[in-house]
4 protein chains.
Amino acid sequence: MSGAGTTAASGRSASRGRIDKRQAILDAAMRVFAREGYAQAGVDAIAAEAGVAKPTVYNHFGDKENLFRQAIAADADRALARNMEVVDQLRSEGDLRPMLEEVGFRLLQCHCDDRSWALRRLLYAELGRFPDLIDIVRGRASDRVTEALADRLARLALAGRLRACDPAEAAEQFAALLTGPMEARARLGTRQVPDDELRTVAAAAVRTFLQAFAPEAD
Amino acid sequence: MSGAGTTAASGRSASRGRIDKRQAILDAAMRVFAREGYAQAGVDAIAAEAGVAKPTVYNHFGDKENLFRQAIAADADRALARNMEVVDQLRSEGDLRPMLEEVGFRLLQCHCDDRSWALRRLLYAELGRFPDLIDIVRGRASDRVTEALADRLARLALAGRLRACDPAEAAEQFAALLTGPMEARARLGTRQVPDDELRTVAAAAVRTFLQAFAPEAD
Amino acid sequence: MSGAGTTAASGRSASRGRIDKRQAILDAAMRVFAREGYAQAGVDAIAAEAGVAKPTVYNHFGDKENLFRQAIAADADRALARNMEVVDQLRSEGDLRPMLEEVGFRLLQCHCDDRSWALRRLLYAELGRFPDLIDIVRGRASDRVTEALADRLARLALAGRLRACDPAEAAEQFAALLTGPMEARARLGTRQVPDDELRTVAAAAVRTFLQAFAPEAD
Amino acid sequence: MSGAGTTAASGRSASRGRIDKRQAILDAAMRVFAREGYAQAGVDAIAAEAGVAKPTVYNHFGDKENLFRQAIAADADRALARNMEVVDQLRSEGDLRPMLEEVGFRLLQCHCDDRSWALRRLLYAELGRFPDLIDIVRGRASDRVTEALADRLARLALAGRLRACDPAEAAEQFAALLTGPMEARARLGTRQVPDDELRTVAAAAVRTFLQAFAPEAD
DNA sequence: TATGAATGAGGCTTCATTCAT
DNA sequence: GATGAATGAAGCCTCATTCAT
């Protein structure tokens, strides 16, 4: 995905592509920040991993703080897009349970993606130093996903597929039933959870969710 | 709070002062680590906040890494104790719903305590550098709580107050319904959630939980 | 002031723009060097203040050292011209005392000009790194002025308006009586000395000078 | 002078004297600053020249700015002391002219001392960045000397050895006649002026001074 | 045991200077 | 000829850690 531009737009020389340095730096930064944490990550390491000289990083981003913010924002955008794509598959027609299980499973895949864990870890870690990160990320990711989920659940309720309920609360609880167990199971992102297990968790979440939110005259 | 003991209990001997000093360093360390993060926290700052000289810290704890681990472990113990005390109030007799709501509310209070958020934030932040922290903390805190909760839910099921179910799964989902929503609501610990809201979340969690896990012939 | 020429005189051709740009860089350089000192002055800042791109500066002047020398030399020329114009007003006819006072006053005005102080400050500052600056500036400014002054004093002595004396020594002491007190009074150029005070100093210098150098049969 | 303490107070070990690091750093700092200028002087170089590690410099002085100020202040103190000692030799009894010539000569020696030129050069150079240096130095050096000189001239006038005059102005002009010529002759401190020449300048200064300020009925 | 002073290593940032357009 | 982007070198400062008392 990130390599796409690097490969395509290389107009002339292969020796020193002038092309995508900015993106390369952002990618490298996210990798290094995720690996080392903000304070421990060296700008040298980022520059090296991006294949540029250190001052180039500063030419593009000014200082380490701004580089961090931009890298976080970029990854939050990416995560939001992936989540939204999944939520979009939640339609009002079709078998409800398997659809919920599929959406739940895919949401868990997003949630347990390495980069998602890294993003969350950095967020937790650096909130003290960068309080505005919350707004940067929440404006772009988790909240928006929960809201979109609420929208779809509302339509399901209107269609009589769920019982009348507060869609925001339903979405909040559906999300909680999905992701809540993962913190322990993934050991905060240090363990790769296999898809089987994700499906199991999703199925359990959907089971509880439907027992609480299915239409009464089921 | 920590100063009180330092002043009062130093009545006996010098050995008491030793312990006090050690505890003062641990407390100061946790405060500074929570405030600044591991990498940014200076041993100078910790020593200053503890009211001792820097080499004293090294005499007691060897190096910064070990100090960090000890401080984390101490706080994890404290958190475990508080949580256990709450879970212990989940008995098999009495009105189920209000009891669950009360326990849920108290668990949320623990979960949303400043020091709990700080602990989680440090955990997330430093997992890369200290992978063993997971075991230190999980062996002492969250998992043990969920297990204890599962024990109590099992007894409730045996007593016919819940329907037959996998108690581990029930506990996992009860915990998820409680704490899952808090990440967003507390803005990762940067917002102080009022007790009203905690009670609301607890009530909603219990409602969904009971709809899924109450005995069928309700 | 520098922008005026840029806008107006660019009527003719492109060759004029070349010269304007060169002069604009020199002016900007002197301003920035005076404000920040040689080492601290950034070529970026000079280029920005001149309204050109950084490489343009290098195209014109090769490197920072040369730019510095050229800027210093240009300002030394300017200062020399102003001083010479004043000394030129020292004629052999007319009332001696008021004429000396007027010339002294005007020399002090030159000496206390902001740009003169800046030039001296830079000279003092960078002598270690640029020993040849002394020759650049002394060949263009202060020594030449003292010599011209000596010439005029010699003619005054020949005309019997001063007693026989070594004109070089007389000029040296006249200059000393004028400028010596200014270092303290102007606080090395950081205080703007009002004209009144300059006239007072000039009058005192002339008084002492004449008591020492007036013809004996006064 | 600076070596005195270093040699004497070395209580125990010769390997790593704990004695005079602070003074050694100040001395080294002044040497390096004088040689390179403030901006160009590296703290590394200062530490190396002082024979200590870089952080030791920071432990003692906090940052480069403060180190600079302290070094300047120390040298200004030293210069003041030397000048005062000379002025103190200006008594009201004895032959006036030779005494003035001797004092003038010694003042010129102070003025033309390497460290004095270095101090003045740094002062001129860094006034822009450190405006308070003026007060630090003027409160300690040149002004105080001129005032002390004025005091002595006033006593000479009272004793009838000089004619009635404003002693401040007389001191100002005496100092001007002495030091004014040196700027050109010493090429701003880059040329070592031999004592003969200093005596010549002093004699000329005294000659002019006495012609202006000797009692009228001489 | 507790401390003041010292250190070696390393990080962020800036700058003069040069390609390639 | 003028520019935007890139770089190698270097500087200030901080920190975890250790002596010597």
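The sequence lines fix the lettering, A, B, ..., with proteins before strands; numbering per chain opens at 1.
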Over how many whole Å does the gap from B:Y38 atom OH to F:dC15 atom C1' extend?
-> 11 Å
C:A53 has a side chain; which of F:dG4, F:dA6, E:dA6 sits nearest to it?
-> F:dG4
Reckon D:T56 has a side-chain N or O less than 4.0 Å from the OP1 or OP2 of E:dA5?
-> no
Give, for atom CD of C:E49 and atom CZ of C:R35, the distance between the pair rounded to the nearest 0.5 Å.
-> 4.5 Å
Could you grab the distance from atom CD of B:Q23 to atom CG of B:D20, nearest 0.5 Å is fine?
-> 8.5 Å
Whole-Å distance, B:I25 CD1 to E:dT1 C1', equals 12 Å
Pairing partner of F:dA9, by Watson-Crick or G-U wobble and under 3.5 Å for both distances, is E:dT14
F:dT14 - base-pair partner by Watson-Crick or wobble geometry, distances under 3.5 Å = E:dA9
The answer to which of D:P55 and D:K64 contacts DNA chain F further toward the 5' end, by nearest nucleotide, is D:K64
For A:A41, report the nucleic acid contact type (base, sugar-phosphate, nothing); a contact means any heavy atom under 4.0 Å.
-> sugar-phosphate
Round to a whole Å and report the spacing from CZ of D:R22 to C1' of E:dA6.
-> 16 Å
Taking OH from D:Y58 and P from E:dA5, how many angstroms apart are they, rounded to a whole number?
-> 19 Å
Is the D:Y38 ring parallel, tilted or perpendicular to the D:F33 ring (thresholds 30°, 60°)?
-> parallel
What is the distance, rounded to the nearest whole Å, between atom CG of A:D63 and atom P of E:dG11?
-> 17 Å
Using the side-chain contact (heavy atoms from CB on, under 4.5 Å) rule, take A:H60 and A:L26 through it: C-alpha gap first, then chi angles, then the decisive distance, then the call.
-> CA-CA 10 Å; A:H60 278 285; A:L26 274 180; over 6 Å; no
Check the angle between the aromatic planes of D:Y124 and C:Y124 and answer parallel, tilted or perpendicular using the 30° and 60° thresholds.
-> parallel
Give D:A45 one of three labels, base, sugar-phosphate or nothing, depending on what nucleic acid heavy atoms sit under 4.0 Å from its own.
-> nothing
Nearest whole angstrom, please: distance from the C1' of F:dG4 to the CG of C:N59.
-> 13 Å
Whole-Å gap separating P (F:dC15) and CZ (B:F33) | 13 Å
For the pair made of NZ in D:K54 and P in F:dA16, what is the distance, rounded to whole Å?
-> 17 Å
Taking for each residue the nucleotide of DNA chain E with the nearest heavy atom, is it B:G51 or A:V43 whose nucleotide lies nearer the 5' end?
-> B:G51
If you look at every strand shown and take non-hydrogen atoms under 4.0 Å, does A:A39 touch a base, only sugar-phosphate, or nothing?
-> nothing
Heavy-atom nearest nucleotide on DNA chain F taken for D:Q40 and for B:E65; more 5' hit belongs to D:Q40
May I ask which nucleotide in the shown strands pairs with E:dA20, Watson-Crick or G-U wobble, both distances under 3.5 Å?
-> F:dT3
B:H60 vs E:dA2: side-chain N/O to OP1/OP2 distance below 4.0 Å | yes
